[in-house]
Amino acid sequence: MKRLSLLAYVVGGLFFLVSFAFSVFYGYKVLTHDLSAEGGTVEKYNYHFVLVTEELDNAYWRLVEKGAQAAAKEYGVFLEYSGPKQADIDEHLKTIEMAFASKVDGILTQGLSDEQFTPLINRVVEKLPVITVDTDAANSNRMAYIGTDNYYSGYLAGKALIADTKGQANVAIITGNFYANHQLLRVEGFKDAVKAETGIKIITVEKSGISRVRAAEKAYKILKDYPEVNAFYGTSALDGIGIAQVVDKVIKSGPVYIIGFDTLPETLEYIRKGTINATVVQEPYEMGYRAVKMMIDLIEGKKVPPVVHTDTRIMRSEDLPENNQDEWEAHR
Ligand code: BGC
């Protein structure tokens, strides 16, 4: 009997020890588990930035985001991607206000228009660093700009059109918006490039409001109202695609030349088909990536150049990335 109760004590004691060890072990794990490893919740980050874009689900802006997120991951930044669902200047401004109120460490945004963006940026920058991306509000106190030299890219487009049409074209321009700094510069650069060419005439300049459907509607109307138009220049990522959709379907007596902007998959498809003749290449991934790095450098007191221009060039069918698709797409 005595032996039996001793055994019971030993077994009971062992049971207690084992369960105690288990509860200590798992209790410790629950307290120290890494939330970020479970996906989504960023528990440990050095900075919190917001990237405010013109249009959230625009494929061009998704590439800017992709680059920014890559840098964010590398440097321990919590990066929020925010903006209007569809291009809308008031909502864009409101989103910046909200980011400002939520006390993030830095704001990355376009400097879309001088009238609305400059006073807001100037107010924000008194408390928080602001970097403009893709579109500069050069007259504001933003701390730096990274993106295409928009005037130069328009100038390149003009020179490409002259070369490709042998200096003979009646051109219609479809641009994103008349208030947007980068769109204005892309039109201005183009006009300057063609101004000495007597055979190039600019027939009309219309806006698409950053909408492929509206770009297509405008292209259709232009072809009807101005039968002499035989060339288009689309100055934002969806304009060339909208124009090409129409030109592809409308029967014209002669060929219509199209030069667009950016290298979204549909644009490349239209270049393969021969509907779009050329496009202006931008580097959205790189803009996003470097913007995050520049913001960190600013906060950490390092020297950052006030203007950083990413690469821009003309792409025609012979420059298509067929030979190195994977590498090319990963970066654009
Ligand atoms: C511009 C962006 C714009 C986008 C619209 C791009 O060419 O750089 O600012 O939001 O087109 O589709």
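Basis for what follows: all heavy atoms, side chains included, without hydrogens, waters or symmetry-related copies. Every number for a ligand or one of its atoms is a count from 1 in the order of the listing.
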(request) Using ring-ring contact (aromatic ring centres under 6.0 Å, His included) as the criterion, list what pairs up with F261, not counting sequence neighbours. (result)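 With sequence neighbours excluded, F261 shows a ring-ring contact (aromatic ring centres under 6.0 Å, His included) to no residue whatsoever.
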(message) Strictly under 4.0 angstrom, heavy-atom based: which residues surround ligand 1?
(response)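 Residues within 4.0 Å of ligand 1: E54, N58, Y60, W61, Q110, D134, H182, R186, I210, S236, A237, L238, D262, Q282.
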(message) Suppose we screen for side chain to side chain donor-acceptor pair (under 3.5 Å). Which residues come up paired with D248, at least two apart in sequence or across chains?
(response)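 For D248 the side chain to side chain donor-acceptor pair (under 3.5 Å) partners, ignoring immediate neighbours, are K273, T275.
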(message) Within the 3.5 Å criterion, strictly below it, is a donor on E300 or Y47 matched to an acceptor on the partner's side chain?
(response)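 Distance-only check passes for E300 and Y47.
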(message) Taking the basic N atoms (NZ, or NE/NH1/NH2) and the acidic carboxylate oxygens, is any pair closer than 4.0 Å for E97 and R123?
(response)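 Salt bridge between E97 and R123, a charged N being under 4.0 Å from a carboxylate O: yes.
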(message) Check this for me: does any side-chain nitrogen of one of R142 and D136 sit under 4.0 Å from a carboxylate oxygen of the other?
(response)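 Between D136 and R142 there is a salt bridge, with a charged N closer than 4.0 Å to a carboxylate O.
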Output a table of donor-acceptor pairs, distance under 3.5 Å, between side-chain atoms of residues 84-92 and any protein atom two or more places apart or on a different chain; print 'none' if there are none.
{"residue": "D88", "atom": "OD1", "partner": "D90", "partner atom": "N", "Å": "3.0"}
{"residue": "D88", "atom": "OD1", "partner": "E91", "partner atom": "N", "Å": "3.2"}
{"residue": "H92", "atom": "NE2", "partner": "T109", "partner atom": "OG1", "Å": "3.1"}

